[in-house]
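Down below is the structure, laid out as structure tokens.
Keep in mind that the numbers below use all heavy atoms, side chains included, and drop hydrogens, waters and symmetry copies. Because the structure is predicted, anything quoted here is derived from the model rather than measured.
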There are 2 protein chains.
Amino acid sequence: MANRPVTIKDIAEKLNISVSTVSRALKNNPEISLQTRENVQKLAKELKYQPNPLAVALKTKKSNTIGVVVPQIVSSFYASVVKGIEQVADEQGYQVFVSSSNEKMEKEEKNVNGFLNMRMDGIILSLSRATSTYDHIHKIQDMGVPMVLFDRTSKELDVSKVVADDAAAAYTAVNHLIDSGAKRVAFLTGMEYMLFGRNRMRGYKKALEDKGFSLDKTLISRCDFTVEGAKKAAMELLSRSNRPDAFFAISDDLAIGTIAAAKELGLRIPEDVAVVGFSNSRRSRYMEPSISTMDQNPKQVGREAAKLLFDQMENKPNAKDVKEVVVTADLIVRTSSDK
Amino acid sequence: MANRPVTIKDIAEKLNISVSTVSRALKNNPEISLQTRENVQKLAKELKYQPNPLAVALKTKKSNTIGVVVPQIVSSFYASVVKGIEQVADEQGYQVFVSSSNEKMEKEEKNVNGFLNMRMDGIILSLSRATSTYDHIHKIQDMGVPMVLFDRTSKELDVSKVVADDAAAAYTAVNHLIDSGAKRVAFLTGMEYMLFGRNRMRGYKKALEDKGFSLDKTLISRCDFTVEGAKKAAMELLSRSNRPDAFFAISDDLAIGTIAAAKELGLRIPEDVAVVGFSNSRRSRYMEPSISTMDQNPKQVGREAAKLLFDQMENKPNAKDVKEVVVTADLIVRTSSDK
DNA sequence: GTGAAAGCGCTAACAC
DNA sequence: GTGTTAGCGCTTTCAC
């Protein structure tokens with residue numbers, strides 16, 4: 001048991017050469033004779049030699065790893081973002097480590113420090129809800145470690161970012177509803193403090209305006225951010241005499257609630273009331289084949305963030321510039337399922 | 001920019017003492033005079049000294065980290081398990097690193113090797129669907145690294161495991177339905193190769209038997225593992241003259257499909273047809289307040305796995321024994337929502 | 001009570 | 001083409 005891992009020194013001794021020669025031969029350094037290189041590589045394979053990344057990192061101050069800090073791991077949005085990051089990191093031969101802040105600033109700081117201490121070569125992070133000071137973020141910058149923020153960012157931070165264009169997505173969604181014949185599009189949103197809610201409302205209003213509709217404030221409804229809350233709110237709207245003929249709901253839960261309300265009232269979807277929901281997860285799309293959704297493209301967010309990070313790490317021209325990438329959501333149109 | 005991290009040596013020089021003294025003082029070693037200890041610790045704080053875990057790990061062959069390999073990160077089940085692991089690791093002062101195999105054996109091996117190379121002190125792993133050989137698992141054992149398997153395990157592996165008791169959960173669920181008045185409980189499951197499906201079926205049959213019901217095979221329905229598939233299957237069952245008055249569905253998607261079918265047929269839930277679903281995610285529970293679900297307790301799975309791992313790491317008596325912990329699911333009973 | 005020295009596994013000047 | 005040496009930041013004998 002407890003096999004000691006084989007080191008470069010073991011190889012050197014067996015071959016009666018020096019460790020530096022082994023080190024060079026392993027990296028196929030042309031200064032070393034082909035003969036020696038082959039011998040070394042062959043033996044390394046036989047012995048199942050694996051370089052000790054700790055030693056390498058300690059020496060070179062590079063670990064070939066990147067760290068990702070997300071507010072929560074139990075979230076299909078963040079999970080998909082991570083997947084996107086992993087894809088491009090994989091291509092670059094980097095390992096990805098993920099840790100979650102659980103929406104706590106304290107944990108976020110701990111995670112960041114852990115990554116920094118581990119000498120990770122780059123950090124991708126989405127701020128926790130509780131994060132109010134940015135010392136740990138500045139520390140990353142002070143240490144010269146490449147960093148990219150995504151989704152939950154802050155204007156106060158002078159860092160490259162990847163965000164979703166919520167207003168544009170809402171604009172697309174509402175346009176789609178109107179183009180499909182809707183005359184009275186309701187907007188179902190959450191509490192006012194939600195930034196993306198405000199942005200999506202902006203897109204909603206802009207779309208109405210551009211289509212020549214006047215804004216009917218009674219069609220805007222706020223509810224708590226749950227299926228039940230949405231259902232209640234939608235029930236109210238749909239029970240009116242001049243009920244809306246379409247809904248744009250800013251989350252998948254709200255869309256689900258809306259559908260439930262419509263069904264309970266015996267309204268057909270999308271004939272009587274069309275619905276576009278906003279979605280992070282595939283599930284909500286499958287739940288109700290008759291509604292269209294805006295897909296936030298979380299994987300794309302991850303890919304873009306990773307690309308930005310690698311640009312910085314590779315020190316490409318202008319890599320140090322602070323960039324902001326906007327990922328737009330896709331409208332996934334579903335036609336009514338055949339019964 | 002690029003602030004060089006402060007080292008033990010920096011402290012030693014400023015205080016005109018040796019690095020070894022600093023090292024000892026930092027760990028509050030009583031051999032060092034209180035005076036010196038205080039000086040060192042004070043300066044360390046001022047300078048924001050952070051030990052370099054790479055150097056420590058290289059020297060001590062201990063990294064104070066544990067690695068978790070999951071088949072997928074986009075899954076509320078695994079995400080919750082990770083959360084449970086993080087909770088107990090946190091208490092022990094360990095950092096947790098997560099990586100996902102994406103259901104590929106190749107990636108799983110890579111992840112394991114990465115963790116091993118990083119000298120992680122323990123590994124918690126759930127096998128990918130594609131894993132067919134166990135060399136990488138045996139390697140962990142050969143290196144004497146503590147390990148715990150969870151959820152997707154293998155009888156061939158002589159390792160501590162944490163699993164869910166699917167049969168017991170199904171037994172509880174079906175009992176609940178019968179106790180609530182059901183006379184004809186349907187069982188909605190997926191393909192035969194799904195081990196947990198078979199186990200849940202066992203519990204279903206056992207519950208019927210213990211309640212004195214004879215098994216009606218026409219009430220067992222297999223469908224593909226999607227909402228639509230379930231809906232179709234449930235429609236068929238519910239359209240019969242002697243339709244079931246209750247369903248036990250082995251996943252949340254299947255429960256959702258069942259509900260959709262019942263509603264489409266104008267049947268009330270739970271009055272006309274009661275449903276118990278199996279669930280990993282909170283969402284499905286909120287979606288339909290009138291159905292009860294079995295909650296797999298994923299967080300508990302994580303906590304148990306971590307506990308088992310730390311037992312091994314701390315070399316407690318009998319720690320080397322291979323243990324198997326069974327986590328049972330909770331029945332979450334929901335009563336019909338008030339309209 | 002403190003210091004000197006060795007060494008963890010590796011890389012990279014600098015020799016020759 | 002290859003070896004020698006120093007050193008990354010830390011811990012840990014072994015001295016005194």
If every non-hydrogen atom of [X] is compared with every non-hydrogen atom of [Y], which pair is closest and at what distance?
{"X": "A:Met147", "Y": "A:Val159", "result": "O-CG1, 3.6 Å"}
{"X": "A:Ser63", "Y": "A:Arg119", "result": "OG-O, 2.8 Å"}
{"X": "A:Asp10", "Y": "A:Val6", "result": "OD2-CA, 3.3 Å"}
{"X": "A:Arg152", "Y": "A:Ser128", "result": "NH1-C, 3.7 Å"}
{"X": "B:Val98", "Y": "B:Phe115", "result": "C-CZ, 4.5 Å"}

Applying a 4.0 Å non-hydrogen cut-off, can you work out what [X] is touching in the nucleic acid: base, sugar-phosphate, or nothing?
{"X": "B:Pro5", "answer": "nothing"}
{"X": "A:Ser20", "answer": "base"}
{"X": "B:Ile17", "answer": "sugar-phosphate"}

Whole-Å gap separating [atom2] ([N]) and [atom1] ([X]):
{"X": "B:Tyr49", "N": "D:dG9", "atom1": "OH", "atom2": "C1'", "answer": "7 Å"}
{"X": "A:Arg4", "N": "C:dG7", "atom1": "CZ", "atom2": "C1'", "answer": "13 Å"}
{"X": "A:Asn117", "N": "D:dC10", "atom1": "CG", "atom2": "C1'", "answer": "13 Å"}
{"X": "B:Lys62", "N": "D:dT12", "atom1": "NZ", "atom2": "P", "answer": "12 Å"}

Query raised in the report: Toward the 5' end of DNA chain C, which comes first, B:Asn16 or B:Leu58, by nearest nucleotide?
Result: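 Upstream on the strand: B:Asn16.
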
Query raised in the report: Which comes earlier along DNA chain C counting from the 5' end, the contact point of B:Thr21 or that of A:Pro51, where each point is its nearest nucleotide?
Result: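 Its nearest nucleotide lies further toward 5', so the answer is B:Thr21.
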
Per-pair distances, 0.1 Å, donor-acceptor, side chain in residues 87-96 of chain A, under 3.5 Å, sequence neighbours excluded:
from: A:Gln87; atom 1: OE1; to: A:Arg303; atom 2: NH1; distance (Å): 2.6
from: A:Tyr94; atom 1: OH; to: A:Lys62; atom 2: NZ; distance (Å): 2.9

**Report entry** Salt bridge A:Lys307-A:Glu304, side-chain N to carboxylate O under 4.0 Å
**Finding:**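 Yes, charged N to carboxylate O under 4.0 Å.
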
Query raised in the report: Can a salt bridge be assigned to the pair A:Asp151 and A:Lys161 using a cut-off of 4.0 Å between side-chain N and carboxylate O?
Result: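 Looking at A:Lys161 together with A:Asp151, the answer is no, because their closest N to O distance does not fall below 4.0 Å.
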
Query raised in the report: Using the C1' atoms of five pairs at each end, what's the angle between the two axes of the helix from C:dG1-D:dC16 to C:dC16-D:dG1, to 10 degrees?
Result: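 Inter-axis angle at the ends, rounded: 50°.
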
Query raised in the report: In residues 23-36 of chain A, which residues come under 4.0 Å of DNA chain C by heavy atom?
Result: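 Contacting residues: A:Ser23, A:Arg24, A:Lys27.
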
Requested in this report: Using heavy atoms and a sub-4.0 Å distance, could you list which residues of residues 8-15 of chain A are near DNA chain C? By number, please.
Outcome: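 Correct list: A:Ile8.
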
Query raised in the report: Under the 3.5 Å rule, do the base of D:dG7 and the side chain of A:Lys59 count as making a donor-acceptor pair?
Result: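 Between D:dG7 and A:Lys59, which were checked side chain against base, a qualifying N/O pair under 3.5 Å is present.
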
Requested in this report: May I ask you to check whether A:Glu109 and A:Asn113 show a side-chain donor-acceptor distance below 3.5 Å?
Outcome: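 No.
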
Query - Residues forming a ring-ring contact (aromatic ring centres under 6.0 Å, His included) with A:Phe97, sequence neighbours excluded - result: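 A:Phe97 satisfies ring-ring contact (aromatic ring centres under 6.0 Å, His included) with B:Phe97 only.
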
Query raised in the report: Which pairs pass salt bridge (Lys or Arg N to Asp or Glu O under 4.0 Å) with one or both residues in residues 15-42 of chain A, sequence neighbours excluded?
Result: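 Pairs touching residues 15-42 of chain A that pass the test: A:Lys42-A:Glu46.
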
**Report entry** B:Ser18 side chain near C:dG3 phosphate (N/O to OP1/OP2, under 4.0 Å)
**Finding:**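 Affirmative; the distance criterion is met.
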
